[in-house]
Amino acid sequence: MAKKITLKVKNKFINKYKNGYPLLLREAILNAEQLKKEGMLLRLADENNRFLGKGYYGRQNKGYGWILTQNENESINQNFFDNKISKALNKRRSFFQDKTTTAFRVFNGEGDGIGGLTIDYYDGYYVITWYSQGIYAFQDYVLRSLQDVTAFKGIYQKKRFNTGGKYVEEDDFVTGVRGEFPIIVKENGVHVAVNVNEGPMTGIFLDQRNVRKAIRDKFAKGKRVLNTFSYTGAFSVFAALGGAEKTTSVDLANRSLPKTIEQFSVNGLDYEAHDIKVMDVFKYFNYAFKKGITFDMIILDPPSFARSKKHTFSAAKDYKDLLKQAINITEDNGVIAASTNYSGFGMDKFKSFIKQAFKETGKKYKVLEEHDLPEDFQTITAYPEGNYLKVVFIKKYSK
Ligand code: SAH
């Protein structure tokens with residue numbers, strides 16, 4: 001690792017960093033030209049060279065890297081990584097002990113003290129995600145820490161930064177024994193087929209665990225459920241297991257059809273009793289509205305940004321309209337589960353979209369429950385953007 005340089009923080013950002021803000025914001029740095037090689041260690045100081053923190057240089061969409069410690073005497077070495085990783089694993093002890101859930105997050109970036117790095121656990125397989133070339137420079141430390149503190153079947157990795165080359169599947173395997181995928185993990189007793197060597201997504205978004213459980217245990221019984229942006233149909237499977245009369249899954253991606261069939265099948269459910277549509281959600285809403293098709297429950301979980309042939313969707317601009325389309329085909333007294341993982345706005349803003357959408361459709365509503373990230377997705381109060389997940393269950397009334 002290269003020599004440590006000092007980055008100077010603009011005056012107006014100093015308090016933010018004193019209060020533990022972990023991300024090196026581009027606009028906060030005075031001398032960014034000092035940044036040379038990703039992975040280099042940095043000292044952060046105010047304009048008078050007073051110490052603020054130590055971190056590393058790694059470009060991610062939002063910044064130049066992450067602060068790792070506010071303690072001037074703490075070194076960033078193997079010991080540092082050992083401590084953070086073993087502490088994180090300890091915090092997940094109850095997850096490791098729970099036989100009904102065998103997939104969860106064991107290390108959540110800045111929430112566990114190292115921004116740019118996440119580690120997920122899938123029944124003995126660990127999946128490390130590197131969010132920058134910079135954090136990837138610490139690969140040896142991370143691997144050693146993980147190998148020292150835990151038993152595993154295999155370790156895989158995802159590089160979520162531009163590697164300059166084509167995506168190579170083989171790159172994903174790091175050490176241990178290769179799995180035969182899909183492996184079947186469990187979540188609250190439900191089977192989920194997981195692939196850790198098929199690109200960035202594994203088949204399940206672990207952060208929605210509590211939402212899936214709520215749908216199964218409290219909302220699905222006897223309901224006709226529409227699951228939009230359904231991906232591998234995880235919400236549909238939980239709804240079906242919770243006694244939904246029928247589920248309809250809609251996703252644009254061709255892969256969603258075989259993947260959804262697979263998730264139904266590994267739970268012994270007859271997928272033919274459900275609808276799985278490979279289709280643009282916006283088109284589906286128009287179609288359903290014209291045909292007078294309605295649902296008792298609609299799940300909305302769009303990506304923050306999406307582009308299809310006819311449509312660009314951005315959560316910040318278009319969520320309200322998406323809600324209106326859903327409201328139009330939800331039965332009175334039906335429920336909409338509205339979810340967003342967009343970190344650019346918080347719960348209050350999200351609720352204002354909900355309020356506005358109901359206002360514009362002339363319907364009344366009540367918020368039944370709210371969710372944010374589950375416990376294994378540790379966050380810190382100094383970095384509220386890290387708590388990106390917002391899910392609201394809304395009951396629609398007739399007037
Ligand atoms: N709700 C899912 C995750 C959604 S991921 C779950 O909990 O597992 C986002 C999905 O939206 C992707 O599968 C993508 O194919 C799909 N998607 C993006 N734009 C779409 C559109 N216009 N219509 C339908 N699906 C879309």
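Whatever order the structure lists ligands and atoms in, that order sets their numbers, starting from 1. Keep in mind that the numbers below use all heavy atoms, side chains included, and drop hydrogens, waters and symmetry copies.
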Can you confirm, on distance only, whether ligand 1 has an N/O atom lying under 3.5 Å from any N/O atom belonging to [X]?
X      : answer
Asp301 : yes
Phe229 : yes
Val281 : yes
Pro303 : no

| request: For ligand 1, note which part of Phe313 has a heavy atom under 4.0 Å away: side chain, backbone, both or neither. | output: neither
| query | Which part of Arg255 is near ligand 1, with near meaning a heavy atom under 4.0 Å away: side chain, backbone, both or neither? | reply | side chain
| Parallel, tilted or perpendicular: which fits the ring planes of Tyr17 and Tyr21, with parallel below 30° and perpendicular above 60°? | perpendicular
| request: From the options Val250, Ile299, Leu300, Asp251, select the one whose nearest heavy atom is closest to atom 15 (O) of ligand 1. | output: Asp251
| task | Measure from atom 24 (C) of ligand 1 to every heavy atom in Asn254, Asp207, Leu322, Leu252 and give the option owning the shortest one. | result | Leu252
What I want to find out is whether [X] reaches [Y] closely enough, with some N-O distance under 4.0 Å, to be called a salt bridge.
X      : Y      : answer
Lys223 : Glu245 : no
Lys54  : Glu72  : no
Asp112 : Arg92  : yes
Arg212 : Glu187 : yes

| said: I want to check something: taking the side chain as every heavy atom from C-beta on, are Ile293 and Tyr287 in contact at a cut-off of under 4.5 Å? | reply: yes
So which protein heavy atom does [atom] come closest to, and at what separation?
atom                    : value
atom 5 (S) of ligand 1  : Phe205 CE1, 3.9 Å
atom 8 (O) of ligand 1  : Tyr231 CD2, 3.4 Å
atom 7 (O) of ligand 1  : Phe235 CE1, 3.2 Å
atom 19 (N) of ligand 1 : Ala306 CB, 3.6 Å
atom 22 (N) of ligand 1 : Asp280 OD1, 3.3 Å

Contact between ligand 1 and [X] is defined here as a heavy atom of the residue under 4.0 Å from a ligand atom; is it met?
X      : value
Met279 : yes
Thr232 : no
Gln263 : no

| Intermediate values then yes/no, ring-ring contact (aromatic ring centres under 6.0 Å, His included), Phe219 and Phe235 | CA-CA 11 Å; Phe219 291 100; Phe235 286 130; over 10 Å; no
| query | Just checking, any donor-acceptor pair under 3.5 angstrom between side chains of Trp130 and Gln139? | reply | no
| message | Show the atoms of ligand 1 that are less than 4.0 angstrom away from any heavy atom in Phe282. | response | 22 (N)
| request: Identify whether Ile135 and Leu44 are in the same connected component of the hydrophobic contact network (ILVMFWY, side-chain heavy atoms under 4.5 Å). | output: yes
| query | Going only through I, L, V, M, F, W and Y residues with side-chain contacts under 4.5 Å, is there a path from Phe181 to Phe173? | reply | yes
| message | I'd like to know if the side chain of Asn31 reaches the main chain of Gln34, judged simply by a donor and an acceptor atom lying under 3.5 Å from each other, with no hydrogens or angles considered. | response | no
